[in-house]
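Computed from a predicted structure; not experimentally measured.
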Amino acid sequence: MIITQTEELIKEYSKDLEFKRFYDEEASKTGLALAVKSLRDQFGLSQVEFAKLVGKPQSIISRIETGETNPSFKLLNEIADKTIELLPLS
């Protein structure tokens with residue numbers, strides 16, 4: 001099975017600390033990209049609309065969603081704070 005072979009290769013290559021650091025960083029970017037995109041989709045907003053909503057340039061939202069940047073905790077916290085304000089209270 002392809003996934004098993006891929007997992008085995010990653011496991012083997014992860015013994016190399018440089019590869020592991022790079023792989024972990026890329027996995028982190030991918031996770032953040034998916035989370036921000038999912039959040040934006042939940043609100044049914046375009047990148048431009050979402051960017052205005054959270055008070056950030058659309059280019060930053062795009063770079064986060066495509067994994068081109070590794071956003072700071074501060075930036076992610078600011079985005080989270082703005083979106084939490086929009087969620088209905090249960």
Side-chain angles (χ1 to χ4, degrees):
M1 177 176 242
I2 293 174
I3 292 176
T4 304
Q5 290 173 342
T6 301
E7 289 171 349
E8 287 299 318
L9 281 173
I10 291 169
K11 185 177 177 180
E12 184 64 30
Y13 286 131
S14 289
K15 293 175 184 175
D16 177 322
L17 294 179
E18 186 176 338
F19 173 85
K20 181 160 178 29
R21 181 191 57 74
F22 176 78
Y23 181 83
D24 289 346
E25 184 177 307
E26 291 303 308
S28 176
K29 286 182 195 177
T30 301
L32 292 170
L34 292 172
V36 170
K37 173 101 171 59
S38 176
L39 185 60
R40 181 172 65 78
D41 287 346
Q42 286 179 22
F43 286 105
L45 300 172
S46 69
Q47 283 186 352
V48 171
E49 293 166 328
F50 186 73
K52 286 180 184 176
L53 184 84
V54 298
K56 302 295 172 193
Q58 178 272 332
S59 60
I60 287 179
I61 302 303
S62 175
R63 287 196 304 267
I64 292 171
E65 288 187 5
T66 59
E68 292 177 36
T69 187
N70 197 3
S72 67
F73 179 75
K74 180 181 180 214
L75 174 61
L76 293 172
N77 197 43
E78 290 171 359
I79 291 171
D81 284 348
K82 291 289 186 179
T83 53
I84 286 172
E85 293 172 7
L86 301 169
L87 296 173
L89 297 174
S90 356

Provide the closest heavy-atom pair for [X] versus [Y] in the form atom of the first, atom of the second, distance.
| X | Y | result |
| --- | --- | --- |
| Asn70 | Ser28 | OD1-OG, 4.4 Å |
| Phe19 | Ile10 | CE2-O, 4.0 Å |
| Ala80 | Thr83 | O-OG1, 2.9 Å |
| Ala33 | Glu65 | CB-O, 3.2 Å |
| Ala51 | Pro57 | CB-C, 3.8 Å |

Partners meeting side chain to side chain donor-acceptor pair (under 3.5 Å) with [X] (sequence neighbours left out):
| X | result |
| --- | --- |
| Thr66 | Glu68 |
| Glu25 | none |
| Asp81 | none |
| Lys11 | none |

Would you say [Y] ends up clustered with [X] if hydrophobic residues are merged whenever their side chains have heavy atoms under 4.5 Å apart, either directly or through other cluster members?
| X | Y | value |
| --- | --- | --- |
| Phe43 | Val36 | yes |
| Tyr23 | Leu9 | yes |
| Leu75 | Leu39 | yes |

Note to self: Between Thr69 and Ile60, is there a side-chain heavy-atom distance shorter than 4.5 Å?
What the structure shows: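 SC-SC contact between Ile60 and Thr69 ruled out.
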Notebook entry, point to check: By ring-ring contact (aromatic ring centres under 6.0 Å, His included), which residues pair with Phe22, not counting sequence neighbours?
Noted result: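 Phe22 satisfies ring-ring contact (aromatic ring centres under 6.0 Å, His included) with no other residue.
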Notebook entry, point to check: So how far is it from Ile64 CD1 to Ile61 CD1, rounded to the nearest 0.5 Å?
Noted result: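 Here the interatomic distance stands at 5.0 Å.
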Checklist line | Straight-line distance of Ser46 OG to Arg40 CZ, nearest 0.5 Å | finding: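 Here the interatomic distance stands at 7.0 Å.
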Next item on the list: Using the salt bridge (charged side-chain N to carboxylate O under 4.0 Å, His left out) rule, collect all pairs that involve residues 44-62, keeping only residues at least two apart or in two chains.
Entry: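 Every salt bridge (charged side-chain N to carboxylate O under 4.0 Å, His left out) pair that includes a residue of residues 44-62, provided the two are not neighbours, is Lys56-Glu78.
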Note to self: Donor-acceptor pair, distance only, cut-off 3.5 Å: does the side chain of Thr30 make one with the backbone of Glu26?
What the structure shows: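 It does hold such a pair.
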